[in-house]
Each structure stands twice: as structure tokens, then as C-alpha cells.
Protein chains: 2
Amino acid sequence: MRTAEADDLLARLKDVGLRATTQRRVIVEALLAQGDHITAEELTEIVKARYPEVHLATVYRTLEVLESLGALYRLSLGHEPTQWHLTERAHQHLVCDVCGRVQEVSDPAFARLAASLMKAHGFHPDLRHVALRGRCSGCASG
Amino acid sequence: MRTAEADDLLARLKDVGLRATTQRRVIVEALLAQGDHITAEELTEIVKARYPEVHLATVYRTLEVLESLGALYRLSLGHEPTQWHLTERAHQHLVCDVCGRVQEVSDPAFARLAASLMKAHGFHPDLRHVALRGRCSGCASG
DNA sequence: GTAATTGCAAAGCTTTTGCAATTTA
DNA sequence: TAAATTGCAAAAGCTTTGCAATTAC
């Protein structure tokens, strides 16, 4: 299950002085192989198939590290345990109605919105086409 | 701090066979008086100023009841305790790129998105003007 | 009067953390 | 070899729940 994506993520770990351990590789590969979202416990179960000694705490710590890298984000709605998602790289646009400034952002919040809409309404938004109107930081405070 | 909004919420409780207790009134009024979001613990502190004996567990139960009414929704990102928000009644539009159907929805997920964007980018989206493109439930499954 | 609700205390669950042993670079 | 990481166990923190007493309708 070794992939270029997994190698890339592990390389990014090394870039910031962290280490590419066997556990982290297995966890990363499981994350990439898995679909849309997963909990720490589910991920641990999957990882244990290949690396039985891995501990839930290690999974939590690895998820945290990957989050700090921006590779993952967490989503916890309601009562259930936190769901972890791979950060998508799609871009969205924030258009200021006052000054006209257009901000290009890539924010996990949009993926969260998409997930909610799919669940609640069965609607699959196309996040490549999102442009929100509003007021930018400068114009909102003035 | 009695307001028409508070009366309305308590009336909605009664409509479903629940009771309008003093505790619930005080909690609801504190929620409405307060700004954007609040945690159960913060809310309890505020409520205690008027009703010292109120218990955190009662606040949690009341929040849950109001959530079931759709008056509130919870947002828990990251490590902090859950933030509770009043559900906004703004409408958004979901436009199907395949069949052209337009769905009008009022979904707390949009308010969550707005909160995230404000925090991350200082951008204040105007949720009255949101229209998302994508595929509706029928066209997405086909 | 009956059913819902409350306060309290205790339990539940997810997530985090201290530490000694191990492993990576 | 020095610093990072792991497994384990224990703790932490938020939230929920059982129960007897109280309160709303």
C-alpha cells in the first residue's frame, strides 16, 4: 500500500525535523487508502491488521502531527468521536462586496460544509465553483 | 430579560409536551441575550447569576432539548468544549448542475462555515446570497 | 395526581499525558 | 549518541445518566 502520497507525507514530516517511523508509515498509508473520513479508533483497528502492537495513543499522536502539517483536519459534530479528513486542496473564493477584493482560500471548512449537505440533503456541492460574497476583514472592521 | 423570542421558544417546548420551567426560561433568556456562541459551562456561569442552584447537568439537558427543537446547533472543532449556536434562519440555495433544480435550505452547516471563515480569514460571508452548484440527490446517484 | 424535570453524584467516553524503554537519524 | 517516538497506564475533561425529590400542568 506504499504510495507516492504516503512517501510525500512522510517526507514532509522529516522536513520539519520529525521522524518517519514504521508506525507512522502504516498509519499514513491506512489513512490514504481509506475513503472520506475515519475516527481514531477505526483507524487503529485497520492499522492493527498490519501492525498489531500499535497503540491508540500513537494513532492519536500521529493524527495530531498530521493535523499540524495541514494534511488532515478534524470534524466533530454531535456526540460521536472526532472524524478525521484528508485536507482537500480545492480553492474557493471570498468576494468582498465593499472593496471588491477577491481572496482565494483553501479551507477545510468548505469540505465540512459539503459533508453536511451531502448527509442532510443528498446534495453534492462542487467546491471548485464556490464564491462567497460578504465583507473582508478590512471592510468588516471599518 | 424576558423577550418575545424567549416566550416563543418556551411555547415551542410546550407544543411538544415538554414543560416551561424556571430553569429553562432563565437558560433560554441567557442564550438569547448572549452573542454568537457559548459553551455549556459559560452558559451555566451566566445563568447562576440569576438562578444560583442551577446545575450544569440541567444546562446540558436543556441545550439538548433546544437542539432537538432545531433552535440550537452544536459546533465542536478541535480540542475545546462544544460551542452552542442559535440556528439562523437565513436561506441558502442548492442548484443542481444536471437537472437545474433549486433547493432552498436553511442549514446550520452554513452558519458553521461562516464562523470558520470569520475566524480563519476575518471574512464575514453574507449567507443570504449563497448559492451552491453541484448535483442533487437524484442526479448524484444516477 | 401524573409525568416531566431537577440536583446531585457517579459513571462514561474520548482524548491526552507522564514516563521508562526503544528507535531513528 | 542525542533527540524523537512508542506503549502502557493513568489521568483529564467534557458530557451523560441513574435516582430520589421536586415541580409543572
Side-chain angles (χ1 to χ4, degrees), chain A residues 6-7 9-31 37-45 47-48 50-69 72-85, chain B residues 6-7 9-31 37-45 47-48 50-69 72-85:
Chain A
D7 288 343
L9 268 180
L10 293 169
R12 285 171 63 194
L13 282 179
K14 288 198 187 180
D15 285 347
V16 287
L18 303 176
R19 291 173 183 177
T21 64
T22 308
Q23 287 93 327
R24 286 184 176 163
R25 170 167 289 281
V26 177
I27 291 169
V28 161
E29 291 176 355
L31 264 172
H37 53 56
I38 196 166
T39 67
E41 189 144 11
E42 291 165 349
L43 182 57
T44 304
E45 280 317 301
V47 168
K48 276 188 170 164
R50 280 181 60 196
Y51 200 106
E53 323 82 70
V54 80
H55 197 278
L56 182 57
T58 301
V59 172
Y60 272 109
R61 284 189 276 229
T62 300
L63 288 169
E64 202 170 294
V65 165
L66 293 172
E67 182 188 33
S68 73
L69 245 48
L72 295 181
Y73 65 89
R74 48 178 106 194
L75 176 51
S76 44
L77 299 175
H79 313 253
E80 313 89 42
T82 299
Q83 299 275 357
W84 293 83
H85 297 239
Chain B
D7 287 344
L9 268 180
L10 293 169
R12 286 171 63 192
L13 282 180
K14 288 199 186 178
D15 286 346
V16 286
L18 302 177
R19 293 175 182 175
T21 63
T22 308
Q23 288 92 329
R24 285 184 176 163
R25 171 166 288 282
V26 177
I27 290 168
V28 161
E29 291 176 354
L31 263 172
H37 52 59
I38 195 166
T39 66
E41 189 144 13
E42 291 164 350
L43 182 57
T44 304
E45 281 317 302
V47 168
K48 276 189 170 162
R50 279 181 60 196
Y51 200 105
E53 324 81 71
V54 79
H55 198 277
L56 182 57
T58 301
V59 172
Y60 272 109
R61 283 189 275 229
T62 300
L63 288 169
E64 203 170 293
V65 165
L66 294 173
E67 181 189 34
S68 73
L69 245 48
L72 295 181
Y73 65 90
R74 49 178 107 195
L75 176 52
S76 45
L77 299 175
H79 314 253
E80 312 89 42
T82 298
Q83 299 275 355
W84 293 83
H85 297 240

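In what follows, chains are A, B, ... by sequence order, proteins preceding strands, each numbered from 1.
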What's the closest nucleotide to the side chain of [X] if the choices are [options]?
X       : options                : result
A:Leu56 : D:dT15, C:dT15, D:dA24 : C:dT15
A:Glu64 : C:dG7, C:dT16, D:dC25  : C:dT16
A:Leu18 : C:dA25, C:dT17, D:dT5  : D:dT5
B:Pro81 : D:dT15, D:dG18, D:dC8  : D:dT15

Inset, instruction - Over all heavy atoms of both residues, which pair between B:Ala40 and B:Leu56 is shortest? Give the atoms and the distance, please. - result: O-CD1, 3.9 Å
Legend entry - For the student: nearest non-hydrogen atoms of B:Arg24 and B:Arg19, plus distance: NH1-O, 2.9 Å
Side-chain N,O ([X]) to OP1/OP2 ([N]) below 4.0 Å:
X       : N      : value
B:Thr21 : D:dA24 : no
A:Thr58 : D:dT5  : no
A:Thr39 : C:dT14 : no
A:Tyr60 : C:dT15 : yes
A:Arg24 : D:dT5  : yes
B:Gln23 : D:dA24 : no

Nearest-Å distance for atom pair [atom1]/[atom2], residues [X] and [N]:
X       : N      : atom1 : atom2 : answer
B:Arg25 : C:dT6  : CZ    : P     : 14 Å
B:Arg19 : D:dT22 : CZ    : P     : 16 Å
B:Tyr51 : C:dT5  : OH    : C1'   : 11 Å
B:Arg61 : D:dT22 : CZ    : C1'   : 13 Å
B:Leu63 : D:dC14 : CG    : P     : 15 Å
A:Glu53 : D:dT5  : CD    : P     : 19 Å
B:His55 : C:dT6  : NE2   : P     : 12 Å
A:Lys14 : C:dA25 : NZ    : C1'   : 8 Å

Inset, instruction - Please test A:Leu72 against A:Leu31 for side chain to side chain contact (heavy atoms under 4.5 Å, CB included), starting from the C-alpha separation and ending with a verdict. - result: CA-CA 10 Å; A:Leu72 295 181; A:Leu31 264 172; 3.8 Å; yes
Inset, instruction - Mind running side chain to side chain contact (heavy atoms under 4.5 Å, CB included) on B:Val26 and B:Val54 for me, showing each step along the way? - result: CA-CA 10 Å; B:Val26 177; B:Val54 79; over 6 Å; no
Inset, instruction - Evaluate the side chain to side chain contact (heavy atoms under 4.5 Å, CB included) criterion for residues B:Leu43 and B:Trp84: first the C-alpha distance (whole Å), next the side-chain angles of each, then the deciding distance (0.1 Å), finally the verdict. - result: CA-CA 10 Å; B:Leu43 182 57; B:Trp84 293 83; over 6 Å; no
